[in-house]
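Notes follow once the structure below has been shown.
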Amino acid sequence: MRIFFIFTIIVSISNSISANSATLYIDSNLIVHGLVFNDFVFYMNSAYYILISLFILALTIKLYFNSAKKRDKQSSILLVLSIFTYLVYVFVTDISIPKISGVYSLNSNFILSILPISCIYYAIKNLDLLGINTSDLLLQAFDKSPEAICLMYNGKIEYVNAMFFNILGEKGNKILPSKTAKNIFPKEIFEEDKFFSKIFKLKKLDSPETVNVLCNKFQFEESSAYEPFDILTILDIGIIQESQKKIENINKNLEKLIKESTQKLENINNELNTEIKRRIDSESKMLQISSTDSLTGLYNRTFFSQIAHNIIMDSNPIINRHVVIYLDLDNFKNINDTLGHTMGDEILKEIAVRLKLSVPDTSIISRVGGDEFLIFVKNYRSSPEYLINKLSTKILKNLREPILLDNKIVNTSISIGFSVYPHAGKDIETLIKHADIAMYKAKENGKNSFAIFEKENHSNIKKEFDLTNDMILAINNNEFKLFYQPKMEYIDGKVVIVGLEALIRWFHPQKGLIYPDVFIPIAERSGYISNIFLWVLNEVCNQLKKWNSKGKDFNISINFSAQRFGQDNIYTNMSKILENTKIDPKKISIEIDEKYLAKNIETSIEMLNYMKSFGINITIDHFGINYSSLNYLRSLPVNGMKVDMSFINGIGSNTKDEAIIVALIELCKGTDIDIIAEGVETKEQYDFLIAHDLKKMQGYYFYKPMQAEDIEKIPELGFDNSVED
């Protein structure tokens, strides 16, 4: 560039002299001198234009090969073509034509040089990314950097960003007029060639204060267009060091706190371990309580069903033949009543032990009721018949052995029902139900035996179970109806109604009318009799309220099955019904079959006294046909006695029946017990009873059982039906 600058000055001077010499030639006619000097100028101009054009052409060609983008290459080609055109033109106008004609024009090449200049300007503008200055963008990016940045070229500082002055200089000032890099940075900065990273203590530019900084230097290599220059980044680590000191102090304090807290943590950990162990033990106990029977330690019904269900779900009905056993102790209630519940509990514990010894170890044994047990035996190999015979023999033998408790020998027996998977059912509840059916069959066969559920031989039991299921829904479906049969008394020469007996009837939607002698025994066996009794009591009390509102007040008797004497909730519910309906308990009389009272005199007396505490009257029903004993009649807290109709039917044909009736009449007179005859159907029976001073009776001779609205139609009762129900 310097050579061409000097050469340009020489050419300019030559052109000036050439112009003056031409003027001199015209004025002085010094033709020889002018021609000689003009040749010199001609060659000088030619050489100048040729050399500068070649130089520019070389640069543009180099630009073409150095261009990476397509647009840059196109711009380079445009430059090459324009320079080439310019060279051709200059050669023709400034060299060839003047040489031939001998006339030199010094102005045309300057004017026409506008063409390559314009092309160069256009190309530069096109290459400049549509006016965006990348250098400015780079510097703007440096200004936004969180690190201090310094650009150095040939050892001099060319640029520093704002963060540089925040750390080393005056804030806001970006000019270093008298400072060089060597004046600011230590010499180690300039000893590294490629990369440098080191911590220095640098002095600030405007104060004697020093700053600890981390310096990183990056050096750019020399290229064909640029000389090497350095980028120096500076990071203030003073804040980091202060933070480290604070952290060290905190660590010291933490160590102290940790030492002080370690013992507390150990204590807490020990307490947690103790609490965890306690909770695990508690959960284990809760699981044991929720899954086992507290008395015998056997599984309860829920857990038994769950385990058996899981086994069945994993079983193959083609291969596996599992057995479900339902067991019930025979006459266990008598044992409880005779020896007491404490002794009864000890017997149940012994039964549980003997059952474990009677079945395979993999069997699941459960106590599901007071004296009822369930066993699930997994069977994979032997035939069910062989297994059942083997199990029944061993169970009956072990439980037949007398039990010695408190120097008392107790003999027990058990009834067993078997059901086999999948023949008797493919789910555990069905298998249990069918085993229960088989167990009742064993009891019917004489107890202390076993029976196997077989679909073909259990049609009657199936009917009973279906009837039991229908019975459970009968109350909600309003299928039960109450009928009332008047009780008569001979007073002052005529017979009047003095009370009613409530009699239940079941109107089955498919089977029609079902009498109590059919469904009551089934209800007693299934345990549903309590629900029926409470329904009857509630209906009777509500009917009494209606009749009271119409001016009539009756004493109504209800039959009660004492088979469920031990269920205290029955008496609680009786009390609630009487309280809710506000019926005088003296208007209610409970008739209890003699056969239930005779089985356990002590329990009967206790429960009868409990019922009488409500104010309810007690009558012995069907007296004389079961276990009649004058001894217990003297002890039982009863108000009345009903002579069974079997004796009434013997009047006029059986003198023994007549003698028994007369004896009972005299007995009741002597014990102040009210006596009534049931089943009176003929005038002969009526006359006999009146003749022997038995004045209370009931039967078809007077009235059949009828519904409540028919009772109100009896004229002599005189109901006030003007009162709305």
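Throughout, residue positions are numbered sequentially from 1 according to the sequence presented. None of these values were measured; they are calculated from a predicted model.
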With a 3.5 Å distance limit and no angle check, can you tell me whether [X] reaches the backbone of [Y] through a side-chain donor-acceptor pair?
X	Y	value
Thr296	Ala352	no
Ser363	Val359	no
Arg301	Phe304	no
Asp644	Phe647	no
Arg321	His423	no
Asn477	Leu473	yes
Asp657	Ile648	no

Should the heavy atoms of other residues, nucleotides or ligands under 6.0 Å from NZ of Lys390 be counted, would the total exceed 12? no
Counting heavy atoms not belonging to Leu404, are there more than 12 under 6.0 Å from its CG? yes
Please give me the minimum heavy-atom distance between Phe614 and Leu578, naming the atom from each residue. CB-CD1, 4.5 Å
Find the distance between [atom1] ([X]) and [atom2] ([Y]) and round it off to the nearest 0.5 Å.
X	Y	atom1	atom2	answer
Lys378	Ile307	NZ	CD1	9.5 Å
Asn300	Ser366	CG	OG	6.0 Å
Arg367	Thr292	CZ	OG1	11.5 Å
Gln707	Gln543	CD	CD	10.5 Å

Run the salt-bridge test on [X] and [Y] with the 4.0 Å N-O cut-off and return the result as yes or no.
X	Y	result
Glu346	Lys349	yes
Glu350	Arg354	yes
Glu539	Lys545	no

With sequence neighbours excluded, give me every ring-ring contact (aromatic ring centres under 6.0 Å, His included) pair touching residues 391-421. His322-Tyr421, Phe418-Phe450
Any non-hydrogen side-chain atom of [X] less than 4.5 Å from a side-chain atom of [Y]?
X	Y	answer
Asn559	Leu503	yes
Ile325	Phe376	no
Ile618	Leu636	no
Ile620	Lys642	no

Consider ring-ring contact (aromatic ring centres under 6.0 Å, His included). Of Phe480, Tyr515, Trp535, which one does Trp506 pass it with? Phe480
Hits for salt bridge (charged side-chain N to carboxylate O under 4.0 Å, His left out) against Asp330, two or more places apart or cross-chain, chain-then-number order -> Lys443
